[in-house]
Amino acid sequence: MASTLSHELNQPLAAITSYATACENFVDARPPRSEPVRQALRGIRTQAERAGQVIRSVQSFLRRRAVDRSGLDLAALIRGLEPLLRLQAARTGARVVVEVPPGTAVLADRIMLEQVLLNLTRNGFEAMAEVPMADRVLQVVARPLGHDERGERVEVAVVDRGRGVPAEVAPQLFAAFFTTKSEGMGLGLSLCRSVIEQHGGHLQYRPRDGGGSIFAFDLPRLSEADGPRLEPTLPGIAP
C-alpha cells in the first residue's frame with residue numbers, strides 16, 4: 001500500500017516540480033512573462049489539490065466507502081490528465097494517442113478513475129522502455145459497448161506496444177502482492193481491479209495483436225435518466 005501510494009503521489013509532485021521550474025524560467029525572462037507564470041501557478045494549485053485528493057481517495061477506498069459517482073465527460077477528464085501523461089511519456093520517449101469519441105460520458109468517481117488511468121498508463125510506458133523508440137506509442141481508447149443486463153456500458157482501454165505478458169504470468173496479474181518489478185509491491189493492478197468492480201465493471205488483460213498489452217475496463221454510460229449535468233473537469237495546462 002505504501003508503494004502504491006508513493007507512486008500515485010509522485011505523479012502530481014513531479015508535475016508541481018515541472019511547473020515550479022517553468023515559473024522560475026518565466027520570471028527570469030527579460031521581460032518577465034506574467035501570463036505563463038499565472039498558468040503555471042494554476043497548474044501547481046491543481047496538482048497540489050490532486051495530491052490531497054489521492055490521499056483522501058485511498059483512505060476512502062480502504063474504508064470501503066461507496067464510490068462517489070457523478071457524470072463525467074471522458075474526453076475532458078483525460079485532457080485534465082495530459083500534463084501527467086506527458087511527464088510519464090517523457091521518461092521513455094513515448095507518445096500518447098487518445099481516441100475518445102466526443103460526448104462520451106460515464107458515471108464514475110472522478111478521483112478513483114483518474115488513479116486507475118494513471119496506474120495503467122504508467123505500466124504501459126514502463127512496458128515499452130526497451131522497444132525501439134518508434135514503437136513507443138501508448139493509446140487510450142474508448143468505445144461504446146452497447147446495452148447488457150447492467151445497462152449501457154463504455155469500454156476504456158490502455159494499449160501499449162511493449163513485450164507483452166508471458167502466458168504463465170497472465171493468470172496472476174491482478175493478484176495482490178504479485179509483481180514482476182524489482183521495486184514493486186504488486187498492489188497497483190489489484191487496487192485498479194477493485195476500483196472498477198466497485199463501479200460494477202471488470203478490468204481485464206488481453207494480448208495486443210502484433211505485440212503488447214491491452215488493459216480494458218467497462219463503466220456505466222451516462223444516460224438521460226441519470227441527469228443532464230456533468231461534473232466540471234479542469235482542463236490540462238501546458239507546463
Undergrad: Which heavy-atom pair separates Arg161 from Val131 by the least distance, and what is that distance?
TA: O-CG1, 3.8 Å
Undergrad: Roughly how far, to the nearest 0.5 Å, is the CE atom of Met112 from the CD1 atom of Ile196?
TA: 10.0 Å
Undergrad: Do Asn123 and Val158 have side-chain heavy atoms sitting under 4.5 Å apart?
TA: no
Undergrad: Compare all side-chain heavy atoms of Arg91 with those of Phe125 and state whether any distance is below 4.5 angstrom.
TA: no
Undergrad: Determine whether Asp109 and Gln115 satisfy the following criterion, side chain to side chain contact (heavy atoms under 4.5 Å, CB included), listing intermediate values before the conclusion.
TA: CA-CA 10 Å; Asp109 183 302; Gln115 297 314 307; over 6 Å; no
Undergrad: Quick one: closest heavy-atom pair of Gly71 and Leu107, and the distance?
TA: N-CD2, 3.9 Å
Undergrad: Between Asp160 and Ser213, is there a donor-acceptor pair closer than 3.5 Å when you use the side chain of the first and the backbone of the second?
TA: yes
Undergrad: What I'd like to find out is whether the side chain of Arg79 reaches to under 4.5 Å of the side chain of Val98, using heavy atoms alone.
TA: no
Undergrad: So, taking the atom named CZ in Arg136 and the one named CD in Glu130, what distance separates them when rounded to the nearest 0.5 Å?
TA: 8.5 Å
Undergrad: Do you know the tightest heavy-atom contact between Arg221 and Pro144?
TA: NH1-CB, 3.4 Å
Undergrad: Under 4.5 Å between side-chain heavy atoms, counting indirect links through other Ile/Leu/Val/Met/Phe/Trp/Tyr residues: same cluster for Val27 and Ile16 or not?
TA: yes
Undergrad: Which atom names give the shortest non-hydrogen contact between Leu118 and Gln88, and what distance separates them?
TA: O-NE2, 3.3 Å
Undergrad: Might you point out which heavy atoms bring Leu203 and Arg193 nearest each other, and give the distance in Å?
TA: O-NH2, 2.8 Å
Undergrad: Quick one: which residue pairs count as a salt bridge (charged side-chain N to carboxylate O under 4.0 Å, His left out) with a foot in residues 200-210, not counting sequence neighbours?
TA: Glu155-Arg206
Undergrad: Can you name the residues that form a ring pair (Phe, Tyr, Trp, His ring centres under 6.0 Å) with Phe215, not counting sequence neighbours?
TA: Tyr205
Undergrad: Should Leu138 and Ile214 be counted in the same cluster of Ile, Leu, Val, Met, Phe, Trp and Tyr side chains packed under 4.5 Å apart?
TA: no
Undergrad: Calculate, to the nearest 0.5 Å, the distance between atoms CG and OG1 belonging to Leu84 and Thr46 respectively.
TA: 10.5 Å
Undergrad: Treat each ILVMFWY residue as a node, draw an edge where side-chain heavy atoms are under 4.5 Å apart, and state whether Val195 and Leu117 are in one component.
TA: yes
Undergrad: Check the pair Glu114 / Leu77 against side chain to side chain contact (heavy atoms under 4.5 Å, CB included), numbers first and verdict last.
TA: CA-CA 8 Å; Glu114 286 179 342; Leu77 182 141; 4.2 Å; yes
Undergrad: Hey, quick one: are Val96 and Met128 part of the same hydrophobic cluster, counting side-chain heavy atoms closer than 4.5 Å, chains of contacts allowed?
TA: yes
Undergrad: Hey, what do you get for CG (Leu85) to CZ (Arg122), rounding to the nearest 0.5 Å?
TA: 11.5 Å
Undergrad: I'd like to know if Leu219 and Leu81 are part of one continuous hydrophobic network [Ile/Leu/Val/Met/Phe/Trp/Tyr, side-chain heavy atoms within less than 4.5 Å].
TA: yes
Undergrad: Got a second to check how far Ile111's CD1 is from Glu49's CD, nearest 0.5 Å?
TA: 9.5 Å
Undergrad: Under the side chain to side chain contact (heavy atoms under 4.5 Å, CB included) criterion, do Leu120 and Leu189 qualify, and how do the steps go?
TA: CA-CA 8 Å; Leu120 296 179; Leu189 286 176; 3.7 Å; yes
Undergrad: Can you name the closest pair of heavy atoms from Thr92 and Ala129 and give their distance?
TA: CG2-CB, 4.1 Å
Undergrad: Is there a donor-acceptor pair closer than 3.5 Å between any side-chain N or O of His199 and the backbone N or O of Pro220?
TA: no
Undergrad: Would the distance check show the side chain of Arg95 and the main-chain N or O of Gly93 forming a donor-acceptor pair, the cut-off being under 3.5 Å?
TA: no
Undergrad: Using only atom types and a distance under 3.5 Å, with no angle test, would you say the side chain of Ser18 pairs donor to acceptor with the backbone of Ala14?
TA: no
Undergrad: OG1 of Thr104 to CD of Glu99: how many Å apart, nearest 0.5 Å?
TA: 12.0 Å
Undergrad: side-chain contact (heavy atoms from CB on, under 4.5 Å) with Glu35: which residues, sequence neighbours excluded?
TA: Arg38, Gln39, Arg42
Undergrad: With side chains defined as the heavy atoms from C-beta onward, is the minimum distance between Val116 and Val156 less than 4.5 Å?
TA: no
